Amino acid sequence: MAVTGAAYVAPPKATLPTDATTAWNAAFTDIGWISDDGITESNSSDSTEIKGWQGGATVRKVISSSEMTFKLTAIETSKTVLELYHKGSKVVTTSGKSVLAVKAPGPDRRTFGFDVIDGTSHIRIVIPDGEVTETGDITYKGDEALSYELTITAYPGADGTVAIKYSDDPAWGSTPAP
């Protein structure tokens, strides 16, 4: 059970953490409050079955595509959240007044990170190359908080790594007894 945590974003190629507990590099900005649904990690893949001529049995499956995504709902309206939700748009503040000119979305790859705290266990997930690829609807309603549903797709690096996970939990490095 993940009790609490935080979500962060930084420019592409920001200096990445190397463990679960060291402070995040100054380039990372805390996204702010996340709904009580937390952060959902999803892994999906498509495969192609190769059938044997003799009897038509499946003799092998080849993974033809795979994807790792992280979904969260920000419940704080901030410059960071608005610019993530409206890809390619920037909040400009002049004389204490802010304006967001919403543009048609374009590519906006960034570095993302998540801290997940469960009791005394700390898990850190780093996405070196990611992008908000889906957004949910914004509902302006009297009895609901403004919320911004974001789905982040993790892209593979040159070595195929889409995310890095660190933990300070000693159980991660132990081998179960036979």
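Side-chain atoms are counted along with the backbone in the values below, which use heavy atoms only and exclude waters and symmetry mates. Note that this is a predicted model, so its numbers are computed, not measured.
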Centroid separation Tyr8 to Phe114 less than 6.0 Å: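 Ring centroids of Tyr8 and Phe114 are no less than 6.0 Å from each other.
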Separation between [atom1] of [X] and [atom2] of [Y], rounded to the nearest 0.5 Å:
X: Thr93; Y: Lys79; atom1: OG1; atom2: NZ; value: 7.5 Å
X: Thr120; Y: Asp168; atom1: OG1; atom2: CG; value: 7.5 Å
X: Asp46; Y: Glu67; atom1: CG; atom2: CD; value: 9.5 Å
X: Leu72; Y: Glu41; atom1: CG; atom2: CD; value: 12.5 Å
X: Ile50; Y: Arg60; atom1: CD1; atom2: CZ; value: 4.5 Å
X: Ser42; Y: Phe70; atom1: OG; atom2: CZ; value: 9.0 Å

Distance-only donor-acceptor check, side chains Asp169 and Ser167, under 3.5 Å: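 Their side chains do not contain a donor-acceptor pair, so the 3.5 Å distance test is not met.
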Pair Ser89, Lys103: side-chain N/O donor-acceptor within cut-off below 3.5 Å: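 On atom types as modelled, these side chains do not qualify, holding no pair under 3.5 Å.
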Working for side-chain contact (heavy atoms from CB on, under 4.5 Å), residues Trp172 and Lys165: CA-CA 11 Å; Trp172 271 40; Lys165 293 184 178 185; 3.9 Å; yes
Any Leu150 side-chain heavy atom under 4.5 Å of Thr73 side chain: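 No; the side chains remain at least 4.5 Å from each other.
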Side-chain heavy-atom pair Thr94, Lys97 within 4.5 angstrom cut-off: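 The answer is no; the side chains never approach within 4.5 Å.
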For a quick test of your reading: what N or O donor-acceptor pairs under 3.5 Å do the side chains of residues 129-138 make, sequence neighbours left out?
residue, atom, partner, partner atom, Å
Asp129, OD1, Arg109, NE, 3.0
Asp129, OD2, Arg109, NE, 3.4
Asp129, OD2, Arg109, NH2, 2.9
Glu131, OE1, Tyr155, OH, 2.7
Glu131, OE2, Lys87, NZ, 3.0
Glu131, OE2, Asp108, N, 2.8
Thr133, OG1, Thr153, OG1, 2.6

Should [X] and [Y] be regarded as members of a common hydrophobic cluster, given that ILVMFWY residues are connected when their side-chain heavy atoms come within less than 4.5 Å of each other, either directly or indirectly?
X: Ile164; Y: Ile127; answer: no
X: Ile152; Y: Ile75; answer: no
X: Phe112; Y: Ile123; answer: yes

Just distance, no hydrogens or angles: give the donor-acceptor pairs under 3.5 Å from side chains in residues 13-38, sequence neighbours left out.
residue, atom, partner, partner atom, Å
Asp19, OD1, Thr21, N, 2.9
Asp19, OD1, Thr22, N, 2.7
Asp19, OD1, Thr22, OG1, 2.9
Asp19, OD2, Thr22, OG1, 2.6
Trp24, NE1, Asp115, OD2, 2.8
Asn25, OD1, Ala27, N, 2.7
Asp30, OD1, Gly32, N, 2.8
Ser35, OG, Asp37, N, 3.3

Any residue meeting salt bridge (Lys or Arg N to Asp or Glu O under 4.0 Å) with Glu144, in chain and number order, not counting sequence neighbours: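 So Glu144 forms a salt bridge (Lys or Arg N to Asp or Glu O under 4.0 Å) with Lys141.
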Any donor-acceptor pair under 3.5 Å from Thr111 side chain to Pro128 backbone: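 Side chain of Thr111 to backbone of Pro128: a pair is present.
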Heavy-atom closest contact (Ile39 atom, Ala6 atom, distance):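 Nearest pair, atom of Ile39 first, then Ala6: CD1-O, 4.5 Å.
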Distance-minimising heavy-atom pair for Glu83 and Lys90: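 Smallest interatomic distance, heavy atoms only, reads OE2-CA, 3.4 Å.
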Other residues, nucleotides, ligands: >12 heavy atoms within 6.0 Å of Lys51 NZ: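 It does: Lys51 NZ has more than 12 such atoms within range.
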Criterion side-chain contact (heavy atoms from CB on, under 4.5 Å) on Glu76 and Ser78, from CA distance to verdict: CA-CA 6 Å; Glu76 182 173 319; Ser78 67; 4.2 Å; yes
Leu84: which of Val81, Thr80, Leu82 passes side chain to side chain contact (heavy atoms under 4.5 Å, CB included):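 The residue from Val81, Thr80, Leu82 that satisfies side chain to side chain contact (heavy atoms under 4.5 Å, CB included) with Leu84 turns out to be Thr80.
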